[in-house]
Amino acid sequence: MQRVKAVLKARHSFQRLGILSHQRCLSAQPNYALYDDFEDQVLVEGRAKSRAAILNRPSALNALTASMAARLKRLYESWEENPDIGFVLMKGNGRAFCSGVDTVALHRLLNEGKVYECKRFFETLYKFVYLQGTYLKPHVAILDGITMGCGGGISLPGMFRLVTDKTVFSHPETQLGFHPDAGASFYLSRLPGYLGEYLALTGDKLNGVEMIACGLATHYCLNARLAWIEERLGNLMNDDPAVIDSSLAQYGDLVYPDRSSILCRIDTIDKCFSHDTVEEIIDSLENEAAGAYDDWCKTVLRKMKEASPLSLKVTLRSIREGRFQSLDQCLAREYRISLAWISKSVSNDFTEGVRARLVDKDFAPKWYPASLEEVSKDMVEYYFTPLGELEPELVLPTSLREPYI
C-alpha cells in the first residue's frame with residue numbers, strides 16, 4: 001500500500017507539470033492470437049524488480065507495426081497486474097528508439113483495400129498510449145536515438161523519459177499528408193509558448209538537450225553511460241519513484257541548449273505561430289524573413305510549403321484543441337482524424353505522401369487540395385466530425401482507471 005501511495009504521489013507531481021493526463025481508459029480487446037508469431041519484434045527482459053520491453057526491428061528503425069502495438073498492450077496490462085513487478089522500462093534495439101508508425105505497411109494495406117486492418121491498428125495503438133499515460137507503476141522510457149511520430153506517443157506519457165546525446169525527436173507527419181497523432185496533440189500543445197505548433201507544422205527536430213529544456217524529457221545522459229544506468233536500474237529491488245529518479249540521475253549530466261538551438265528563437269516562434277490560421281502564420285514568417293539577417297525563416301517556410309496544405313490546417317486545429325483537452329479526449333479526436341485520412345473521403349494525401357517520400361522516393365507529392373486557398377472549412381471540419389453509429393468512436397476505459405489516479 002505504501003508503494004502504491006508513493007507511485008500516485010509521484011504521478012501527481014508530474015501531472016502538475018502538465019505532461020500527464022488526468023484520466024484513463026479501456027475497451028474491447030483485439031485478438032492477440034493473430035500476432036503470436038511476431039513476438040521477436042518486442043523482446044522482454046526480466047530483471048530483479050522490473051521488466052523491460054525492447055522494440056526489436058532495428059533494420060526498420062523500430063517502426064511500429066500492428067503486432068508490436070498489440071504485444072505492448074498485452075505485456076503492459078499483465079505487468080501492471082503482477083504484484084512482483086515494481087516498474088517497467090522501454091527501449092529500442094539499434095540506432096533508433098522508435099521511428100514512428102510503419103507507414104509503408106499501412107500504405108500497402110490501404111492500397112490492398114484492407115482499411116479495417118488499419119483501423120484496428122490505430123485503435124490498438126491509441127489504447128496503448130492511453131494505458132501508458134495512466135500506468136499505475138513507474139515507467140522509464142530510454143529515448144536513445146531516433147524518436148519520431150508515435151515513438152513519442154508510446155513513451156512521453158510515462159513517468160520518466162531519459163534522453164541522450166544521440167536522441168533526435170520530431171513529428172514529420174504533415175510532410176506525409178497525415179497529422180501528429182498517438183497523443184501528440186496532448187503533449188505538444190503543453191510545450192512552452194507555441195513551440196508545439198511549430199514542431200507539428202514544420203516537422204523540425206529537437207535533440208536530447210532541447211527535450212530536457214522544454215520539458216519533454218526528465219533525465220539526460222551521454223550514450224556512453226547508458227549501460228551503467230541500465231545496469232543500476234536492473235539491479236534495483238525498490239520500486240519507489242524517488243529511488244528510480246535518483247538512479248536515472250546517477251550518471252546524468254547538467255546540460256543547456258547552445259546558441260544554435262531552436263529554443264533560442266522561442267520569441268520569434270511565439271510571434272509567428274500564435275496566429276489563428278496557417279495563412280496568417282505563413283504571412284508572419286514571410287514578414288520576419290524580409291527583415292531577417294539569416295535563413296531560418298526561409299527554411300521554415302520551405303518546410304511548410306512542402307507539406308500537405310490540408311494536413312497543415314487539420315494539424316493546427318488539432319494542436320489548438322489539445323490545449324484544453326485531457327489525454328483520452330485528445331486520443332478520441334485523433335482517432336477520428338486518422339480514420340478520416342485513411343478513408344480517403346476528402347483527400348488521398350496520406351497514401352500520396354507515403355508514396356512520394358518512402359515508397360517511390362521521388363519527393364514530389366501531388367497534394368489535394370494543392371494550396372491552402374483551396375482547403376475549405378468544410379474539408380477541415382470533416383476530420384473533426386463525430387464518427388456516428390456506423391463507425392464506432394474510440395472507447396477508452398476512463399471509468400475503470402480514473403478512480404485510481
Side-chain angles (χ1 to χ4, degrees), residues 14 17 19 42-43 45 47 50-64 68 72 87-100 132 138-172 182-184 187-188 191-192 195 199 203-236 241 243-264:
F14 278 86
L17 294 176
I19 296 297
V42 179
L43 303 177
E45 201 172 82
R47 290 137 185 243
S50 64
R51 294 291 184 274
I54 306 170
L55 307 180
N56 189 41
R57 295 185 70 209
S59 62
L61 301 179
N62 297 323
L64 204 69
M68 293 169 73
L72 283 170
F87 67 96
V88 176
L89 181 145
M90 185 190 294
K91 64 178 182 176
N93 187 8
R95 64 188 184 94
F97 168 69
C98 176
S99 61
Q132 173 74 279
H139 184 269
V140 178
I142 299 179
L143 309 179
D144 183 45
I146 297 168
T147 304
M148 298 168 63
C150 79
I154 64 173
S155 58
L156 297 180
M159 187 174 288
F160 300 109
R161 291 90 63 195
L162 173 68
V163 293
T164 74
D165 53 315
K166 302 291 186 181
T167 301
V168 180
F169 171 83
S170 69
H171 271 284
Y187 55 78
L188 289 181
L191 293 182
L195 180 62
L199 295 174
D204 202 4
K205 302 177 179 65
L206 295 180
N207 59 32
V209 175
E210 292 166 329
M211 290 182 72
I212 282 284
C214 71
L216 282 172
T218 59
H219 296 80
Y220 179 93
C221 80
L222 297 176
N223 170 271
R225 300 177 183 174
L226 207 50
W228 302 346
I229 290 181
E230 286 197 52
E231 181 180 7
R232 182 174 177 84
L233 290 173
N235 292 330
L236 280 184
V243 175
I244 297 172
D245 185 15
S246 63
S247 298
L248 289 169
Q250 177 84 22
Y251 302 104
D253 300 271
L254 188 63
V255 288
Y256 301 95
D258 58 34
R259 291 182 179 180
S260 65
S261 170
I262 188 61
L263 299 184
C264 294

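Side-chain contact, Asp245 with His219: a donor N or O sits under 3.5 Å from an acceptor N or O. A donor atom on one side chain and an acceptor atom on the other are not found under 3.5 Å apart for Asn223 and Asp165.
Annotation: side chain of Leu233 is not in contact with side chain of Phe160 (no heavy-atom distance under 4.5 Å). Using a 4.5 Å heavy-atom cutoff, the side chains of Cys221 and Ile229 are in contact. Within the 4.5 Å cutoff, the side chain of Arg51 has no heavy atoms near those of the Leu89 side chain. Within the 4.5 Å cutoff, the side chain of Met90 has heavy atoms near those of the His139 side chain. Within the 4.5 Å cutoff, the side chain of Leu199 has no heavy atoms near those of the His171 side chain. Within the 4.5 Å cutoff, no side-chain heavy atoms of Arg161 are placed close to those of Leu216. Side-chain contact between Leu236 and Ser247 is present, with heavy atoms from C-beta onward closer than 4.5 Å. For the pair Leu226 and Leu162, the minimum side-chain heavy-atom distance is below 4.5 Å.
Among all heavy-atom pairs drawn from Lys205 and Glu210, the shortest one is O-OE1, 4.0 Å. Nearest heavy-atom pair across Pro257 and Val209 is N-CG1, 3.4 Å. Of all heavy-atom pairs between Ala63 and Met68, the closest is O-SD, 3.5 Å. Closest non-hydrogen pair, Val163 versus Gly208, comes out as CG2-O, 3.4 Å. Closest approach of Cys214 to Leu191, counting heavy atoms only: O-CD2, 3.8 Å. Of all heavy-atom pairs between Gly151 and Ser155, the closest is O-OG, 2.7 Å.
Formation of a donor-acceptor pair under 3.5 Å by the Gln132 side chain with backbone atoms of Ile154 is found in this model. Between the Ser99 side chain and the Leu61 main chain, a donor and an acceptor come within less than 3.5 Å of each other. Side-chain N or O atoms of Thr167 include one that pairs as donor or acceptor with a backbone N or O of Thr164 at under 3.5 Å. Side chain of Ser246 to backbone of Val243: a donor-acceptor contact under 3.5 angstrom is found. Although no hydrogens or angles enter the test, the distance criterion places a donor-acceptor pair under 3.5 Å between the side chain of Asn62 and the main chain of Arg57.
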### Task
Determine, step by step, whether Thr147 and Val168 satisfy the side-chain contact (heavy atoms from CB on, under 4.5 Å) criterion, reporting the C-alpha distance in whole Å, the side-chain angles of both residues, the deciding distance to 0.1 Å, and the verdict.
CA-CA 6 Å; Thr147 304; Val168 180; over 6 Å; no

### Task
Take Val42 and Asn56 through the test side-chain contact (heavy atoms from CB on, under 4.5 Å) and record every step on the way to the result.
CA-CA 5 Å; Val42 179; Asn56 189 41; over 6 Å; no

### Task
For side-chain contact (heavy atoms from CB on, under 4.5 Å), just list the numbers for Met211 and Leu156, CA-CA rounded to whole Å, side-chain angles, deciding distance to a tenth of an Å, and then say yes or no.
CA-CA 11 Å; Met211 290 182 72; Leu156 297 180; 4.2 Å; yes

### Test side-chain contact (heavy atoms from CB on, under 4.5 Å) applied to Ile244 and Val140, step by step
CA-CA 9 Å; Ile244 297 172; Val140 178; 3.8 Å; yes

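Taking 4.0 Å as the cut-off between side-chain N and carboxylate O, Arg232 and Glu230 do not count as a salt-bridged pair.
Taken to the nearest 0.5 Å, the CH2 atom of Trp228 stands 10.5 Å off from the CD atom of Gln250. The CZ atom of Arg95 lies 12.0 Å from the CG atom of Asp144; values are rounded to the nearest 0.5 Å.
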